[in-house]
2 protein chains.
Amino acid sequence: MPRAGLTTEVLTRAAADLADEAGLEAVTLSALARRFDVKVASLYAHVAGADDLRLRVAMLAHTEIADATAEAVAGLAGREALHALADAYRDHARVHPGRSAAARLPLTPQQAAASDGVRTSRLTAATLRGYGLDEAATVHAVRLVGSVLHGFVSLEASGGFDHSTPGAEESWRAAIEALDAALRHWPTTPLATPANPAPGADR
Amino acid sequence: MPRAGLTTEVLTRAAADLADEAGLEAVTLSALARRFDVKVASLYAHVAGADDLRLRVAMLAHTEIADATAEAVAGLAGREALHALADAYRDHARVHPGRSAAARLPLTPQQAAASDGVRTSRLTAATLRGYGLDEAATVHAVRLVGSVLHGFVSLEASGGFDHSTPGAEESWRAAIEALDAALRHWPTTPLATPANPAPGADR
DNA sequence: TCCATTACCTACAGCCTTTAGGTAGATGCC
DNA sequence: GGCATCTACCTAAAGGCTGTAGGTAATGGA
């Protein structure tokens, strides 16, 4: 009987495609074996198990997101770069919902450090350079941008914005515009703590 | 043999506690049956199955989040209310990681509409009233706030901010401050579209 | 052509879900 | 108190996914 030509790479890509088509929860070794017309046990020669497979899909997604965003912001700066970065991130999530869901899987610190998520973080930091934030503020700003992108896309994927007006598209542009405004007006006052609330002077 | 006194309510609460202690993926009918020293099949008298159980945990979480945030913002306005809302949301997620994960499960539009997530949305809209946004902007702002809260907490729970400086706590306060800045400087210019980029006039 | 490698197999065991149909404890009515 | 009725919980069984152990056959280099 002929061989199916399985490799870790091939399986990971097929799993990612399966996730995009049928949801991340449909990514099982059984389903994958069915797709290649192979017995489940055979897959263990290439991946360490179901969790390992999903982890590999997550890593692939992080790499693709880093590539897509890097290409999108090339040659741009400031507000335009922010929109390009954000749109590239969201577009990836819309075209590849399964990969996108995989990219939200919890990673160990080691896995996170080894993933291309750090590339996207560095790219985000570079994109924000034009806003003139200092080093400490840049870290916070990168995390804020990440939270907005991640949060919006995730809520949108969960159907949170469906069937209510206005459409998600409009809110997306408004959110990025607001993010731009926040970056331009980045608060430089000493941070308030619960024990030491800032005075309500500016509102 | 004595009865265990199971009800849908009791099971949902136990499942939520189990989720907080051992992770949402540990919430199985088998584990729950073990916890009550009961056979798995018995649970089907109270919940429709594993998915139904997790959905009920999600609904419970949405209700608790709505309650916690409502209590937190009571009597506050503007920036202080925003911080109180955000902190209540994040605190709930930190104390109840499993419930919090359940609250991020995708819901159908019907389920979403029936959940107390809409209460939290309305509360958020009311909290933002002090910023003087018009009706359309308020919808976008509510979605932005939701995205930031959801996104940050979700990234934090995934360990995205672990083992890097500064700590998540500091970024959290910075993010809410930035959100406050964005709301105070909410962009009122006509929204740019990809086909019609806004002029770079304000940067 | 032979041999080492490895891609894929069968067989099995364990856990989770779900359905079907049965038994015993609680409840309410007289 | 006795009895019918409900229902909480049961046994039994089937099906799917994961994972391990050990076997067979295709492949490719010497």
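Lettering follows sequence order; numbering is per chain, from 1.
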### Query
Excluding sequence neighbours, so at least two apart, what forms salt bridge (charged side-chain N to carboxylate O under 4.0 Å, His left out) with A/R90?
A/E156, A/E169
Separation of [X] atom [atom1] from [N] atom [atom2], in whole Å?
X	N	atom1	atom2	answer
B/L6	C/dA26	CG	P	14 Å
A/L53	D/dG19	CG	P	10 Å
A/L24	D/dC17	CG	C1'	15 Å
B/K39	C/dT23	NZ	P	17 Å
B/L43	C/dT17	CG	P	10 Å
B/Y44	D/dC9	OH	P	16 Å
A/L32	D/dT18	CG	C1'	14 Å
A/L29	C/dC8	CG	P	15 Å

### Query
Can a salt bridge be assigned to the pair A/E177 and A/R173 using a cut-off of 4.0 Å between side-chain N and carboxylate O?
no
### Query
Using a cut-off of 4.0 Å on non-hydrogen atoms, how would the nucleic acid contact of B/A50 be classed: base, sugar-phosphate, or nothing?
sugar-phosphate
When the side chains of residues 30-45 of chain B are checked against the rest of the protein, which donor-acceptor pairs come out under 3.5 Å, sequence neighbours left out?
unit_1, atom_1, unit_2, atom_2, d
B/R35, NH2, B/E21, OE1, 2.9
B/S42, OG, B/K39, O, 3.2

### Query
A/A31 or B/G5: which one's nearest nucleotide on DNA chain D is closer to the 5' end?
B/G5
### Residue-phosphate contact under 4.0 Å: A/H46 side-chain N/O, C/dC8 OP1/OP2
yes
### Query
If only side-chain N and O atoms of A/S42 are considered, is one of them under 4.0 Å from the OP1 or OP2 phosphate oxygen of C/dC9?
yes
### Query
Can any side-chain N or O of A/T124 pair as donor or acceptor with the backbone N or O of A/T120 at less than 3.5 Å?
yes
### Message
Counting only side-chain heavy atoms from C-beta out, which of C/dT18, D/dC9, C/dC16 sits nearest to B/T28?
### Response
C/dC16
#### Entry: Minimum heavy-atom distance between A/P187 and B/A181, given as atom pair plus value
CD-CB, 4.2 Å
### Task
Verify whether one side chain among A/H46 and A/T7 offers a donor that lies under 3.5 Å from an acceptor in the other.
no
### Task
Could you give me the CA-CA distance, side-chain angles and deciding distance for A/H92 and A/E64, then say whether side-chain hydrogen bond (donor to acceptor under 3.5 Å, both in side chains) is met?
CA-CA 8 Å; A/H92 183 274; A/E64 291 180 355; 3.3 Å; yes
Distances under 3.5 Å between nitrogen or oxygen atoms of protein and nucleotides 11-15 of chain C:
none

